[in-house]
Amino acid sequence: MKKAAILFVLSSLLWACQVQKTIVDKPILFDDERISLTKEYLLNRYNLEQETPEIVPRMIVLHWTAIPTLDGSFDAFKDSKLPNWRPDIENVSGLNVSTQFLVDRDGTIYRLMPENFMGRHVIGLNHCSIGVENVGGTEEHPLTKEQLKSNIWLVTYLAEKYNIDYLIGHYEYTLFEGHPLWLEVDDGYRTEKTDPGTDFMKKVRKATKRFNFKPVPSK
């Protein structure tokens, strides 16, 4: 083995040892109402009639919450129905937004719901994706190095556990319009997104390139 290759392997092993993580379960409310609303969403938005809210994960979508605290971010997801401050998407479904994982600013990873249950976090692709939200993301509270390390660890964990084809930032979701995975029935239902930022995505992709995720479609 060449010296450069040996150094790369050693540095990768050292990095892996330094960023060992655990997942803390911090469940949001997933009661009968939320299950019913999720199944209704699957049917009305994707024409998928299911007995359960389960999904087959094919994609990981990284986000930021734009809320500076863990408690505030968690509160945005915890209830089954949308709060009054989200009238922009309430007419589409009363199901509250949610995500499988939430990463705090210190890098702590919280699992909010079963990994294979549908969360409402990305238009058109909820039925096949696992969402990872990061606390913060505003100019005043940019994403941290600790969050970056945790996202890399979490993407690795998920890619090793599931048959993940795509890793995308939320801002890239509309590039899947017309793709076989895209199932949103309403051509007018879109929101503009910039999270979690192109630089953040570039770093996560570089650190997880060994999984050979499929390229994001281009228009």
Side-chain angles (χ1 to χ4, degrees), residues 4-5 7-21 23 57-68 70 73 97 99-112 115 119 121-126 128-182 190-219:
L7 290 174
F8 175 78
V9 171
L10 290 175
S11 63
S12 297
L13 290 172
L14 178 62
W15 179 86
C17 291
Q18 290 174 337
V19 295
Q20 285 299 316
K21 300 286 183 179
I23 296 173
R58 300 275 304 281
M59 175 184 296
I60 301 167
V61 185
L62 305 186
H63 305 256
W64 63 39
T65 67
I67 300 171
L70 174 67
S73 298
V97 292
T99 186
Q100 285 83 355
F101 293 95
L102 178 62
V103 182
D104 199 2
R105 299 185 59 73
D106 66 359
T108 304
I109 300 170
Y110 295 95
R111 181 165 44 210
L112 306 190
E115 296 170 7
H121 60 96
V122 57
I123 294 170
L125 301 165
N126 291 307
C128 63
S129 65
I130 292 176
V132 179
E133 289 274 2
N134 291 276
V135 175
T138 62
E139 184 176 350
E140 296 80 9
H141 300 91
L143 300 186
T144 66
K145 292 181 179 178
E146 290 76 13
Q147 285 174 310
L148 175 62
K149 292 177 182 179
S150 292
N151 276 249
I152 293 168
W153 184 92
L154 189 52
V155 168
T156 299
Y157 159 80
L158 293 171
E160 290 177 343
K161 186 173 182 178
Y162 300 102
N163 184 28
I164 300 297
D165 292 322
Y166 296 96
L167 168 66
I168 74 168
H170 195 189
Y171 66 91
E172 298 173 301
Y173 83 96
T174 56
L175 295 174
F176 283 83
E177 294 177 8
H179 187 278
L181 289 179
W182 181 267
R190 306 288 187 273
T191 55
E192 292 186 13
K193 298 296 180 180
T194 59
D195 56 315
T198 56
D199 184 59
F200 191 86
M201 283 305 304
K202 182 179 179 180
K203 291 175 180 176
V204 176
R205 285 190 167 116
K206 181 178 180 180
T208 59
K209 63 182 180 180
R210 68 184 177 90
F211 293 105
N212 294 314
F213 296 121
K214 295 179 180 179
V216 175
S218 58
K219 288 188 176 181

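Checked against side-chain hydrogen bond (donor to acceptor under 3.5 Å, both in side chains), T99 has no partners two or more places apart in sequence or in another chain.
Counting only N and O atoms by type, the side chains of E115 and Y157 include a donor and acceptor under 3.5 Å apart.
Between N134 and the choices N151, D104, L148, the side-chain contact (heavy atoms from CB on, under 4.5 Å) rule is met once, by N151. Partner of V155 under the side-chain contact (heavy atoms from CB on, under 4.5 Å) criterion, out of V204, V132, I130: V204 alone.
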ask   = Run the side chain to side chain contact (heavy atoms under 4.5 Å, CB included) check on Q147 and R105 step by step: do they pass?
value = CA-CA 6 Å; Q147 285 174 310; R105 299 185 59 73; 4.0 Å; yes
request  = List the steps, then state whether side chain to side chain contact (heavy atoms under 4.5 Å, CB included) holds for W64 with T194.
outcome  = CA-CA 9 Å; W64 63 39; T194 59; 3.4 Å; yes
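R58 contributes no side-chain N or O that, together with a main-chain N or O of Y162, makes up a donor-acceptor pair within less than 3.5 Å. Checked by atom type and distance alone, the side chain of E133 never pairs as donor or acceptor with a backbone atom of L102 at under 3.5 Å. Side chain of N126 to main chain of H121: a donor-acceptor pair is present (N/O by atom type, distance under 3.5 Å, no hydrogens or angles). A donor-acceptor pair is defined here as one N or O able to donate and one able to accept, closer than 3.5 Å; such a pair exists between the side chain of S129 and the backbone of L125. For R205 (side chain) and F213 (main-chain N/O), no donor-acceptor pair under 3.5 Å exists by modelled atom type.
Residues P215 and Y166 come closest through the heavy atom pair O-CE2, 3.4 Å.
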